[in-house]
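What you see below is based on every heavy atom in this structure, not just the backbone, and it leaves out hydrogens, waters and symmetry mates. Not measured: the values here are computed from a predicted model. Whatever order the structure lists ligands and atoms in, that order sets their numbers, starting from 1.
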Amino acid sequence: MAATFPPPLPAVSDSVASPPALPRTSEHEIVLIGGGLAHLLIVKWWGRQPLANARLTLVSAFDKAAYAPMLPGVLAGQYNRDDFQIDLERLCKRCGVRLVVDRAIRLSPRDRMVGLSHLPDIPFDVASINLGSVPAGEALWQGRRVVVAIKPMANFVERLETRLAELFAQRLTGGAQPILRFSVVGGGAAGVELALCLEQRLHERQWPAEVTLYEAGSTILPGFPPEFRQQVRQLLTKRGITVQTERRIEECEDADGIWLVDSNGEAFATDLALWAIGARPPAVLAGFDLPKYKNGFLTVDDSLSCCADPPVFAVGDVAEGKSWKVPRSAAASVQMAPLLWANLRAAVQGHALRAYRPRANQLQCLNLGDGTAAWSWGRFSGLSRLAWKFKNLADRRFVERLQ
Ligand SMILES: Cc1cc2nc3c(=O)[nH]c(=O)nc-3n(C[C@H](O)[C@H](O)[C@H](O)COP(=O)(O)OP(=O)(O)OC[C@H]3O[C@@H](n4cnc5c(N)ncnc54)[C@H](O)[C@@H]3O)c2cc1C
C-alpha cells in the first residue's frame with residue numbers, strides 16, 4: 001500500500017488513466033474519507049454494531065492518526081509520540097473495517113467513486129468526509145526547511161526533530177553557543193499553546209533560546225473573552241515569550257541567515273518557525289465535486305450531508321453548516337460523531353436523517369506546558385492545575401479508547 005507522504009499531487013483531470021476500481025463485495029459500500037476524529041469513533045462503533053450486508057472502508061493518508069489536542073503536550077515533553085497517535089491498522093482490524101492507506105484526491109457523486117493518489121478508485125453507496133484543515137499560507141510554509149508546519153500532524157514530531165537536530169549540529173560545529181531563535185506564527189489557541197509548550201521544553205533542557213509569537217491581528221486569542229486573553233498574555237510575558245502583534249508574516253527569506261518578513265517589509269531573524277495560522281480547506285477538496293463555500297470548505301445541511309444522492313456527509317474542520325456555526329475544534333468533530341453514526345446507518349437503511357444541534361458553550365482548555373491549563377467557559381475563565389488535570393485525563397481517555 002502507498003504510504004509515503006506527501007506524494008506529488010497528480011493533476012485532477014479525466015485524462016489521467018486510473019487503474020480499474022476496487023471491486024464491490026457488499027450490497028452497501030460505505031467509505032469514510034480521512035482519519036479525522038469523528039471517523040475514528042465511527043470505526044470503533046462499527047466494531048460493536050456493524051450493519052448487515054454492508055462494508056465499511058476507511059481511507060487515510062497515513063496508517064496513524066494524530067490527536068491534535070495532545071500535540072502541544074508532546075512538544076512540552078508531557079507525552080511521548082505514541083501517546084497521541086492512534087494505530088489505524090490495529091483499530092480497523094479489531095473493528096472489522098477495511099483500511100486503505102492513500103490520499104483521497106477526487107470524489108465524484110455521479111460515478112459514486114472516490115479517487116486515490118496511487119491506488120485504484122473506490123466505489124461507494126454512502127460516503128463521509130473528515131479530512132481536517134491545513135494552516136493558511138501554504139505557499140509560504142510548504143517546502144521551507146525553517147518552517148515546521150503543524151500539518152500533516154502525523155509526521156510533525158519527526159519533521160520537528162529533524163530540524164532541531166540540524167540546528168544543534170550547526171551550533172556544535174560553529175563552536176560558539178549563540179541563542180537559538182524560535183518563532184511561532186499565529187496567535188490563536190494552537191499558536192499560544194505551542195509557544196508556551198515549546199518554551200517549557202527549552203527551559204527544562206536549559207537550551208539557550210528565545211521564543212517569539214507573531215500575530216497578524218491586534219490581539220492574541222481573538223474570539224476568547226478579554227479577561228482570558230489578558231491572563232494568558234501576562235503569563236506569556238512572565239515566561240519570557242515575546243509577543244509581536246500586528247505582524248502579518250508574509251515571506252520567509254533564506255539569504256544571509258533566515259528571516260521572517262512581515263507585511264511592512266520588516267524582517268525578523270529566526271532559526272525555526274512553527275506555523276499555526278488559520279484553517280484552510282485541504283487542497284484536494286478542489287477535486288471533490290460537491291457544494292462548497294467561496295472559502296473552499298464543504299457546505300453541509302442540518303443532517304451533516306453535502307449531497308443527498310448518493311448520500312455524502314462531511315464533518316469536523318472540513319465542513320461548514322448552512323444554518324449553524326461552530327469553531328473548528330477537536331471537540332466539535334467528536335460531538336458530530338454520534339449524529340454521523342446515526343445518519344450513516346439511516347442512509348443505508350433508507351430511514352429519515354436526524355438534525356445536528358451544536359452545543360452553545362464549550363469548555364476550552366489551553367495546555368500551558370507547566371502542569372497548568374488556561375480554561376474558558378462562556379464568560380468565565382482562569383488558570384489552574386485542576387484544569388490541566390481535567391484536560392489531561394479527558395485527552396488520554398479519548399486516545400486510549402481508540403488505542
Ligand atoms: C496545536 C493544536 C492544538 C489543538 N488543541 C485543541 C484542543 O485542545 N481542543 C480542541 O477541541 N481542538 C484543538 N485543536 C483543533 C483540532 O485539532 C482540529 O480542529 C481537529 O483536529 C479537527 O478534527 P477533524 O476530525 O476535522 O480532522 P483531523 O483530526 O485534523 O484529521 C484529519 C485526518 O484526515 C487525514 N487526511 C488529510 N487529507 C487526507 C486525504 N486527502 N486523504 C486521506 N486522508 C487525509 C489526515 O491525515 C488526518 O488523519 C488543536 C489544533 C492544533 C493545531
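Under a 4.0 angstrom heavy-atom cut-off, Gln364 registers as lying outside contact with ligand 1. Distances shorter than 4.0 angstrom occur between a heavy atom of Lys391 and an atom of ligand 1. Not close to ligand 1: Pro152, with no non-hydrogen atom less than 4.0 angstrom away.
Each of the following atoms of ligand 1 lies closer than 4.0 Å to a heavy atom of Leu37: 25 (O), 29 (O). Short contacts between ligand 1 and Ile150, defined as distances under 4.0 Å to a heavy atom of the residue, involve ligand atoms 53 (C). Ligand 1 places these atoms under 4.0 Å from at least one heavy atom of Gly132: 26 (O), 27 (O), 30 (O), 32 (C). For ligand 1 and Gly316, the ligand atoms under 4.0 Å from any heavy atom of the residue are 26 (O). Near Arg328, meaning under 4.0 Å from any of its heavy atoms, are these atoms of ligand 1: 19 (O). For ligand 1, the atoms sitting less than 4.0 Å from at least one non-hydrogen atom of Asn130 are 24 (P), 25 (O), 26 (O), 27 (O), 32 (C), 33 (C), 34 (O), numbered in the order shown with element in parentheses. Atoms of ligand 1 found under 4.0 Å from any heavy atom of Arg103 (numbered from 1 in listed order, with element): 40 (C), 41 (N), 42 (N). Heavy-atom contacts of Ser60 reach the following atoms of ligand 1: 43 (C), 44 (N) (cutoff under 4.0 Å).
A 4.5 Å side-chain heavy-atom check between Ser333 and His39 finds every atom pair outside the cut-off. Looking at heavy atoms from C-beta onward, Phe62 lies in side-chain contact with Pro152 at the 4.5 angstrom threshold.
Considering only non-hydrogen atoms, atom 36 (N) of ligand 1 lies nearest to Leu131 out of Leu131, Asp102, Ile105, Ile129.
Where the criterion is an N or O separation shorter than 3.5 Å, residue side chain and backbone included, Ala61 meets it with respect to ligand 1. Where the criterion is an N or O separation shorter than 3.5 Å, residue side chain and backbone included, Phe62 fails it with respect to ligand 1. Checked against a 3.5 angstrom limit, the closest N/O atoms of Val318 and ligand 1 fall outside it. For a threshold of 3.5 Å applied to N or O pairs, the pair formed by Leu71 and ligand 1 contains no separation below that value. Where the criterion is an N or O separation shorter than 3.5 Å, residue side chain and backbone included, Asp317 meets it with respect to ligand 1. Between Ser333 and ligand 1, at least one pair of N/O atoms sits closer than 3.5 Å. An N or O contact shorter than 3.5 Å is missing between Val284 and ligand 1 by distance.
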Practice item. Take Gln349 and Leu51, measure what side chain to side chain contact (heavy atoms under 4.5 Å, CB included) needs, and give me the verdict at the end. Key: CA-CA 9 Å; Gln349 294 166 330; Leu51 274 176; 3.3 Å; yes
task = Show your working on salt bridge (Lys or Arg N to Asp or Glu O under 4.0 Å) between Arg385 and Asp370 and close with a plain yes or no.
result = CA-CA 9 Å; Arg385 277 191 188 281; Asp370 59 355; over 6 Å; no
Determine, step by step, whether Gln200 and Glu204 satisfy the side chain to side chain donor-acceptor pair (under 3.5 Å) criterion, reporting the C-alpha distance in whole Å, the side-chain angles of both residues, the deciding distance to 0.1 Å, and the verdict. CA-CA 6 Å; Gln200 180 69 25; Glu204 275 174 16; 2.8 Å; yes
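To the nearest 0.5 angstrom, Gln230 atom CD is 10.0 Å from Thr219 atom OG1.
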